[in-house]
Amino acid sequence: MKHLPSLKNLFYLVNLHHEQNFNRAAKVCFVSQSTLSSGIQNLEEQLGHQLIERDHKSFIFTAIGEEVVQRARKLLTDVDDLVELVKHQGEPMTGDIRLGCIPTIAPFLLSRVVKHCHQAYPDLTLFLKEDTTERLLDALGKGELDLLLLALPVDTAGYHSMKVGIDPFKLVVHEELSDDIHEPLDYQLLPDESIFLLQAEHCITGHAISACSLGDSEKINPFAATSLHTLVQMVNSKLGTTFLPQMAIDAGILNDTSLAVMNPPGEAPYRDIGLVWRQTSSRILTFRTLGLDIQSLLAQE
């Protein structure tokens, strides 16, 4: 068999690419800077190509170096999956799961998921990360996360997904203004720039616009909030209205406010809630079992 590059050296290379700094990468790998540098040089010798162009102050990855990083990242992820497959053979609900979740779900559901898993699966540990859909999918693809809890639909090409529930959208207005809004609501009767939404990178904005058939951009306020709690404060200050997921309302986001909940026009607009994981993952049974548990938690709302 030909002399193959070591996984350790590939690990060094991937972390150097991520950190873009030898000292930080060495700390992540728990080795000295000289050990990391020697490992990458050894990798270059084994492959017969220069992966990094260096001078005494800086470095850049060569074109082939970038390609090797991408393939090495996938290779290391597959090795991790292989280890998990053997480690948890016959014991699916054990070990660690790195779970990513979007900010419009995490505060209202994750604590219940963690509590349930702690009680039902004491040998299963969840490590949580909250971020936008785009960043979470990127981390999943790089092997930095194992499983995502997202609002669907999103582009999950190349991944497996499992729908675990639906989350209706509700229109929220100040109580003093609710008498002026009659159901079924006609968006055209609302003042221009009176509907507040989240920043575009939060997928709930696109879901709300689509699900609620909100096509008139003149009704949308140019201010874009960073969180659902900010939206609540804007509406509670009588500045306009917004859409909130039922999940957040059930979790008490409107407590201590003077806000009223109304049904948006249309056929009960909602977003799907689902799990997403890599097609190459060996922990399908674990993820599907967890999905069924989350499905039950959502059904209890």
Side-chain angles (χ1 to χ4, degrees), residues 1-88 95-103 106 124-150 156 158-160 201 276-283 286-287:
M1 179 183 291
K2 66 177 68 175
H3 187 52
L4 298 176
S6 73
L7 293 175
K8 178 176 63 177
N9 290 341
L10 292 173
F11 180 69
Y12 292 164
L13 184 74
V14 167
N15 278 283
L16 178 62
H17 187 272
H18 182 267
E19 297 295 334
Q20 291 295 310
N21 179 278
F22 272 90
N23 185 45
R24 291 197 301 268
K27 290 181 179 178
V28 170
C29 297
F30 298 101
V31 297
S32 67
Q33 186 170 328
S34 61
T35 297
L36 182 133
S37 181
S38 296
I40 292 176
Q41 288 178 349
N42 180 256
L43 181 62
E44 290 177 316
E45 293 171 1
Q46 289 176 320
L47 295 177
H49 285 280
Q50 184 181 18
L51 305 178
I52 300 172
E53 294 181 13
R54 310 168 177 83
D55 61 27
H56 65 287
K57 291 184 178 180
S58 62
F59 67 91
I60 61 171
F61 278 77
T62 63
I64 190 62
E66 292 283 353
E67 179 67 21
V68 170
V69 166
Q70 299 306 315
R71 298 199 178 205
R73 185 178 287 124
K74 182 180 184 304
L75 179 61
L76 292 170
T77 298
D78 288 344
V79 170
D80 284 341
D81 288 340
L82 175 63
V83 171
E84 290 296 318
L85 171 64
V86 177
K87 182 179 179 181
H88 304 294
D96 301 335
I97 295 179
R98 298 167 297 174
L99 174 64
C101 189
I102 57 175
L124 182 70
T125 303
L126 298 180
F127 294 93
L128 309 177
K129 178 180 177 61
E130 181 180 323
D131 212 329
T132 62
T133 299
E134 181 179 1
R135 291 174 181 163
L136 291 177
L137 285 170
D138 181 62
L140 181 66
K142 292 178 178 177
E144 297 170 359
L145 294 172
D146 305 309
L147 183 67
L148 305 182
L149 183 57
L150 303 178
T156 56
Y159 300 105
H160 285 307
E201 58 261 32
V276 178
W277 63 88
R278 292 184 300 277
Q279 291 181 348
T280 56
S281 176
S282 62
R283 307 188 70 184
T286 301
F287 298 156

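Note on K74 versus E67: no salt bridge recorded, every NZ/NE/NH1/NH2 to OD/OE distance being 4.0 Å or above.
Note: R24 CZ to C29 SG = 12.5 Å, rounded to the nearest 0.5 Å. Distance check: L7 CG to Y12 OH gives 11.5 Å after rounding to the nearest 0.5 Å. For the atom pair CZ of F287 and CG of L99, the computed distance is 9.0 Å after rounding to the nearest 0.5 Å. Atom CG of residue L51 and atom NE2 of residue H49 lie 9.0 Å apart, to the nearest 0.5 angstrom. Residue I60 holds its CD1 atom at 9.0 Å from CG of D55, rounded to the nearest 0.5 Å. To the nearest 0.5 Å, the span separating CG on L136 from CG on L148 amounts to 5.5 Å.
Ring geometry for F61 versus H17: interplanar angle over 60°, hence perpendicular rather than tilted (30 to 60°). Note: W277 and H160 have tilted aromatic rings, judged against thresholds of 30 and 60 degrees for the angle between ring planes.
Residues L36 and F22 have side chains in contact (heavy-atom distance under 4.5 Å, counting atoms from C-beta outward). Between T132 and I102, the closest side-chain pair of non-hydrogen atoms is not below 4.5 Å. By the 4.5 Å heavy-atom criterion applied to side chains, E144 and H18 are counted as neighbours. Taking 4.5 Å as the limit, some side-chain heavy atom of L47 sits within range of a side-chain heavy atom of P5. Looking at heavy atoms from C-beta onward, P103 lies in side-chain contact with E130 at the 4.5 angstrom threshold. Taking 4.5 Å as the limit, every side-chain heavy atom of V68 sits out of range of all side-chain heavy atoms of E44.
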E19 vs K27, side chain to side chain contact (heavy atoms under 4.5 Å, CB included): CA-CA, chis, key distance, verdict:
CA-CA 10 Å; E19 297 295 334; K27 290 181 179 178; over 6 Å; no
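Closest non-hydrogen pair, I52 versus T62, comes out as N-CG2, 4.2 Å. Minimum interatomic distance between L43 and N9 (heavy atoms only, all atoms of both residues): CD2-O, 3.9 Å. Looking at every heavy atom in both residues, V276 comes nearest to L137 through CG1-CD2, 4.4 Å. Closest approach of I64 to Q50, counting heavy atoms only: CG2-O, 3.4 Å. Here the shortest heavy-atom pairing between A25 and L16 reads CB-CA, 3.6 Å. Taking each heavy atom of R278 and L140 in turn, the nearest pair found is NH1-O, 2.9 Å.
For S38 and T35, the side-chain atoms include no donor-acceptor pair closer than 3.5 Å. Side-chain atoms of D80 and T77 include no donor-acceptor pair closer than 3.5 Å.
More than 12 non-hydrogen atoms from other residues, nucleotides or ligands lie less than 6.0 angstrom from NZ of K142. Surrounding CZ of R71 are at most 12 heavy atoms belonging to other residues, nucleotides or ligands under 6.0 Å away. Taking a 6.0 Å sphere around CZ of R135, one finds it holds 12 or fewer heavy atoms contributed by other residues, nucleotides or ligands.
In this structure, R98 contributes its side chain and F127 its backbone to no donor-acceptor pair below 3.5 Å.
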